[in-house]
Amino acid sequence: MALIVQKYGGTSVGDIERIHNVARRVVGTRQAGHDVVVVVSAMAGETDRLLELAHGIAERPNERELDVILATGEQVSIGLLSLAIQELGWKARSFTGTQVRILTDEAHSQARILSIDTRRVLEALEAGEVAIVAGFQGVTAEDEVTTLGRGGSDLTAVAMAAALGAEVCEIYTDVEGVHTADPNLVPGARKLARISYEEMLELASLGAKVLQTRSVEYGKNYQVPIHVRSSFSASAGTLVVAEDAAMEKVVVSGIAYNANEGKITVARVADRPGVAAKLFGAVAEANVVVDMIVQNISQDGSTTDISFTVPRPDYHKTLEIVRGVAAEIGAAEVLGNDQIAKVSIVGVGMRTHSGVASRMFEALAREKINILMISTSEIKVSCVIEAQCVKRAVRALHDTFGLERPPQEESPLPTQTPAPTGRTARGRRPGTARARAARRR
Ligand code: ADP
Ligand code: ASP
Ligand code: MG
């Protein structure tokens with residue numbers, strides 16, 4: 001008997017029939033003898049609808065009130081799921097973030113979890129109930145409702161699993177697991193049996209929304225095994241776990257893209273100390289998070305170009321701010337382009353393999369895709385390109401790095417629920433690589 005946290009995303013609770021499906025899955029896990037804490041998202045599209053309502057009233061809604069509005073989406077889901085489980089003859093109790101006491105800081109719309117009081121959830125389990133917790137929301141020390149950023153139910157689930165010492169945090173979604181690329185964009189994308197926290201963190205932060213970035217960070221810090229799987233099938237998904245030696249043999253594990261950024265170039269800016277500090281200081285003051293930054297070498301000894309990217313929703317605001325400081329930093333021109341996308345390759349094997357970046361550049365060149373910016377870290381290479389080329393770029397890179405073929409290092413997961421623990425997932429089934437590959441098919 002184990003304690004399992006299961007999180008169901010918006011699509012998985014998108015209508016009444018799907019909520020019944022989730023209820024049956026939860027009851028199935030209870031029947032197998034496990035304690036279950038369920039975390040649910042708002043029904044598909046609900047958070048966007050609520051955002052739209054708020055923006056219909058105020059261009060820049062007060063963030064306290066916005067969180068009060070957004071948190072209602074998850075509150076509806078927990079109540080409906082609780083009813084559906086009760087209809088099956090099992091005990092269930094719903095909890096909002098405030099009722100659990102998921103304590104956060106005061107950063108409305110991006111709050112960080114400070115602590116989780118497990119008392120009420122444990123009492124529910126003790127009473128034989130399924131505890132159903134609203135994702136995405138918390139409460140401050142002053143009892144103000146907060147939300148945890150888009151996709152934040154993943155974070156609620158992982159943090160809940162950490163606080164309860166759960167055996168596994170199962171993230172149920174609308175795809176079979178973490179793939180080598182977004183399966184909705186690349187038909188040949190392959191489900192990964194396992195991926196390291198580091199790689200998942202990069203993929204998530206570079207645009208693969210299958211897990212929220214902060215949830216992966218949290219899972220890594222507290223060593224929570226995360227099992228990403230489909231709520232529409234019984235097959236095993238992807239286990240996100242600590243890196244091991246076998247993972248290094250795979251050079252590129254996945255491709256991510258983000259088509260939701262804009263690029264700003266400050267041309268022929270004075271090449272002297274303090275310019276970048278002034279420029280990015282002004283941007284930071286507006287709470288804009290800058291992503292890539294590239295500064296050219298000075299061509300004439302006195303001026304240089306600085307380019308950087310920001311989230312698309314902040315693009316126009318940032319362009320205005322930069323135009324405002326252009327004269328002060330001696331810039332000749334400020335240029336903007338919001339039709340860009342960033343494609344990235346990610347893999348821990350890059351630490352020990354050379355020539356990976358050049359293979360990426362060659363693949364893009366073969367497709368006649370121009371690279372506008374490049375940035376690298378130990379386990380990723382990112383290129384900014386024209387937005388219209390993004391599909392072609394992701395598919396070409398997927399092909400170039402042979403991601404459709406399973407690498408020999410991967411071992412399949414057992415297909416039974418409950419999800420495997422880290423140890424069973426790492427254990428390799430005997431047999432040749434070919435036999436393993438055959439089993440996967
Ligand atoms: P949920 O509502 O369950 O939280 P999300 O829409 O947030 O689901 O995340 C699942 C989606 O993530 C998939 O439908 C898929 O399009 C997208 N995705 C992007 N990159 C990947 C990837 N590498 N592997 C799997 N899914 C991915
Ligand atoms: N409902 C929230 C969102 O749409 C949180 C989540 O789904 O994880 O972002
Ligand atoms: Mg999500």
Side-chain angles (χ1 to χ4, degrees), residues 6-14 18 21-22 38-52 66-67 69-78 97 109-111 133-138 146-160 169-195 199-216 226-232 237-238 240 252-260 342-347 390-391 394 397-398 403:
Q6 299 188 331
K7 177 256 170 178
Y8 292 90
T11 323
S12 308
V13 294
R18 288 182 175 186
N21 172 51
V22 168
V38 185
V39 173
V40 274
S41 293
M43 294 167 79
E46 180 62 8
T47 307
D48 288 336
R49 189 185 74 87
L50 294 168
L51 266 173
E52 221 170 275
L66 190 58
D67 275 356
I69 297 164
L70 293 187
T72 62
E74 272 69 13
Q75 189 165 334
V76 171
S77 302
I78 53 169
S109 83
Q110 279 296 333
V133 177
F136 179 55
Q137 55 179 264
T146 50
T147 61
L148 311 176
R150 296 308 303 266
S153 298
D154 295 337
L155 176 59
T156 308
V158 174
M160 215 57 228
C169 179
E170 298 183 331
I171 304 283
Y172 286 90
T173 185
D174 58 359
V175 289
E176 294 279 328
V178 180
H179 286 62
T180 48
D182 185 344
N184 289 318
L185 188 81
V186 181
R190 182 174 47 84
K191 181 177 80 183
L192 297 161
R194 293 179 309 140
I195 189 167
E199 288 169 316
M200 193 61 238
L201 200 51
E202 288 283 9
L203 284 176
S205 70
L206 294 167
K209 69 168 182 164
V210 61
L211 281 177
Q212 188 217 29
T213 309
R214 280 161 62 185
S215 73
V216 186
I226 302 172
H227 185 186
V228 181
R229 55 195 309 189
S230 167
S231 62
F232 304 110
T238 305
V240 188
V252 173
S253 298
I255 318 277
Y257 72 95
N258 179 353
N260 198 25
K342 183 173 65 175
V343 282
S344 309
I345 57 173
V346 172
V390 71
K391 270 192 194 171
V394 174
L397 293 170
H398 198 264
L403 297 184

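Indexing begins at 1, ligand by ligand and atom by atom, following the structure's order.
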Check step by step if side chain to side chain contact (heavy atoms under 4.5 Å, CB included) holds for S153 and E74.
CA-CA 9 Å; S153 298; E74 272 69 13; 3.7 Å; yes

Separation of H179 NE2 from T238 OG1 (nearest 0.5 Å)
7.0 Å

Could you tell me the separation between the OG atom of S344 and the CD1 atom of I255, rounded to the nearest 0.5 Å?
9.0 Å

For ligand 1, the portion of [X] having any non-hydrogen atom under 4.0 Å away:
X    : value
A44  : neither
T173 : both
N184 : side chain

Check this for me - ligand 1, H179, N or O atoms closer than 3.5 angstrom, yes or no?
yes

Is the closest N or O pair between G10 and ligand 1 shorter than 3.5 Å?
yes

So which of T11, T238, D174 gets nearest to atom 13 (C) of ligand 1, if we judge by its closest heavy atom?
D174

With a 6.0 Å cut-off (strictly less than), is the heavy-atom count around CD of Q75, excluding the residue itself, greater than 12?
no

Nearest neighbour in protein (non-hydrogen) for [atom]:
atom                    : result
atom 4 (O) of ligand 1  : K7 NZ, 3.1 Å
atom 7 (O) of ligand 1  : K209 O, 3.4 Å
atom 21 (C) of ligand 1 : D182 CA, 3.6 Å
atom 7 (O) of ligand 2  : S41 OG, 3.2 Å
atom 4 (O) of ligand 2  : R150 NH2, 2.9 Å

Any atoms of ligand 1 less than 4.0 Å from a non-hydrogen atom of V175? List them with their elements.
13 (C), 14 (O), 25 (C), 26 (N)

Side chain to side chain contact (heavy atoms under 4.5 Å, CB included) partners of K209, counting only residues at least two apart
none

